[in-house]
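Taking it in order: structure first as structure tokens, then the write-up.
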Amino acid sequence: MENPVLLFPQLNISASKDKSYYKVMKPTVKEETNKASKSGAKQKRNRLSLLLQKSEFHEGEHLGKPGNLTKATSVSPEEAVKWGESFDKLLSQKAGLDAFTKFLKTEFSEENIEFWIACEDYKKSKTTDELLPKAKTIYETFIQKDAPKEVNLDFQTREVTSQSIKQPVVTTFDAAQNTVYRLMEQDSYPRFLRSDPYLDLVKGRNPSRPTLRRRSRSFTVNDFQGVRPDFSVW
């Protein structure tokens with residue numbers, strides 16, 4: 001009688017199990033890879049959607065849709081001419097301040113005028129209880145590194161202000177405010193006086209519809225009027 005072992009070749013049970021295991025696991029790994037890929041693509045779409053929403057929001061904010069503006073009394077050519085006499089006269093008149101604020105928004109530099117307005121309000125504080133919270137808000141909004149509306153200050157001015165904020169007084173932001181004031185007076189103010197909307201106001205005529213650009217643009221006289229500085233916290 002022949003040996004039964006010779007009639008039935010030895011089975012490689014472990015190999016069979018490995019192959020079986022591989023066949024079972026392979027689709028699972030592939031499925032997980034597909035899920036990860038889909039998840040990554042979904043996250044990218046979500047991020048892109050968020051960026052587009054932010055872009056649309058800022059465009060609407062800076063371009064100033066007429067429907068979002070409140071009506072204001074028309075600016076006379078005589079009043080507009082006075083704005084060109086000095087930067088002080090421009091800022092001392094409500095309509096001039098509003099027009100200049102709108103102009104800075106088209107240049108994406110409205111943080112400068114908002115900081116100046118905040119400092120003016122800060123100096124009107126009568127008690128320490130008023131100074132402390134306002135000083136903290138101004139510092140965190142405009143002065144500290146990577147602040148949401150950080151203004152352009154030299155190192156020394158920023159350091160002096162940072163030290164003064166520890167025990168704020170009425171003059172805490174004077175150096176920083178003067179720096180930003182000179183920056184606007186020497187840089188933004190001359191461009192404002194050369195802008196088409198301002199020249200149209202001086203000549204008493206209505207400008208055409210705006211041509212939209214990234215850094216600067218023309219805009220209507222209605223865009224110029226009725227726009228309050230966006231600093232509702234004060």
Side-chain angles (χ1 to χ4, degrees), residues 56-124 138 141-142 148-153 173-234:
E56 291 171 0
F57 171 79
H58 288 300
E59 285 297 319
E61 178 185 20
H62 288 291
L63 301 185
K65 297 179 181 179
N68 295 331
L69 306 180
T70 56
K71 284 192 174 183
T73 305
S74 297
V75 176
S76 68
E78 292 77 17
E79 184 180 2
V81 168
K82 291 181 181 179
W83 300 351
E85 294 177 2
S86 71
F87 191 44
D88 279 335
K89 286 190 176 181
L90 173 69
L91 298 185
S92 65
Q93 298 185 23
K94 173 184 175 297
L97 178 60
D98 292 347
F100 185 63
T101 300
K102 186 59 183 178
F103 173 76
L104 292 184
K105 285 188 176 183
T106 69
E107 295 197 330
F108 299 87
S109 60
E110 65 269 24
E111 69 277 0
N112 292 324
I113 194 64
E114 289 179 0
F115 173 67
W116 183 86
I117 292 171
C119 291
E120 288 295 290
D121 178 81
Y122 175 81
K123 288 186 290 188
K124 296 175 184 177
I138 292 175
T141 304
F142 300 103
K149 296 185 178 183
E150 184 178 356
V151 292
N152 187 13
L153 299 174
F173 296 104
D174 280 3
Q177 185 183 19
N178 289 336
T179 298
V180 171
Y181 178 93
R182 289 195 301 271
L183 176 65
M184 293 189 293
E185 183 181 32
Q186 297 171 9
D187 185 45
S188 303
Y189 177 56
R191 286 200 303 276
F192 169 77
L193 297 180
R194 294 193 301 266
S195 67
D196 289 340
Y198 173 72
L199 295 176
D200 286 335
L201 288 177
V202 169
K203 296 174 183 178
R205 67 188 184 191
N206 293 329
S208 57
R209 293 296 300 171
T211 301
L212 307 184
R213 295 191 294 259
R214 175 62 184 167
R215 286 297 301 174
S216 62
R217 67 183 183 88
S218 301
F219 39 90
T220 68
V221 66
N222 288 331
D223 281 345
F224 244 160
Q225 298 168 4
V227 181
R228 297 308 307 274
D230 184 16
F231 209 77
S232 56
V233 68
W234 308 106

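The first residue of the sequence shown is numbered 1, and numbering continues consecutively from there.
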The criterion is salt bridge (charged side-chain N to carboxylate O under 4.0 Å, His left out); which residues satisfy it with [X], sequence neighbours excluded?
{"X": "E150", "answer": "R158"}
{"X": "K82", "answer": "none"}
{"X": "D174", "answer": "none"}
{"X": "R182", "answer": "none"}

Partners meeting side chain to side chain donor-acceptor pair (under 3.5 Å) with [X] (sequence neighbours left out):
{"X": "E111", "value": "none"}
{"X": "N178", "value": "none"}
{"X": "E79", "value": "none"}
{"X": "E85", "value": "K89"}

Which heavy atom of [X] sits nearest to which heavy atom of [Y], and what is that distance?
{"X": "P77", "Y": "G204", "value": "CG-CA, 3.8 Å"}
{"X": "A95", "Y": "V75", "value": "CB-CG2, 4.0 Å"}
{"X": "S188", "Y": "F103", "value": "O-CE2, 3.6 Å"}

Can you tell if the side chain of [X] reaches within under 4.5 Å of the side chain of [Y], non-hydrogen atoms only?
{"X": "Q177", "Y": "Y122", "value": "no"}
{"X": "V180", "Y": "I113", "value": "no"}
{"X": "M184", "Y": "L104", "value": "yes"}
{"X": "W83", "Y": "F100", "value": "no"}

- Going by an N to O cut-off under 4.0 Å, is there a salt bridge joining D98 and K102? no

- Query: Applying salt bridge (charged side-chain N to carboxylate O under 4.0 Å, His left out), which residue pairs with at least one partner in residues 183-194 are found, sequence neighbours left out?
  - Reply: E107-R191, D187-R191

- Message: Once you measure the plane-to-plane angle for Y181 and W116, does it fall in the parallel (<30°), tilted (30-60°) or perpendicular (>60°) bin?
- Response: tilted

- Message: With rounding to the nearest 0.5 angstrom, report the OG1 to CG distance, T179 to N112.
- Response: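 With rounding to 0.5 Å, OG1 (T179) is 11.0 Å from CG (N112).
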
- Task: To the nearest 0.5 angstrom, please state how far the CG atom of L183 sits from the CZ atom of F115.
- Result: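 Taking CG in L183 and CZ in F115, the distance rounds to 11.5 Å.
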
- Task: List for me each residue that meets side-chain contact (heavy atoms from CB on, under 4.5 Å) alongside L193, sequence neighbours excluded, and say none if there are none.
- Result: Y189, Y198

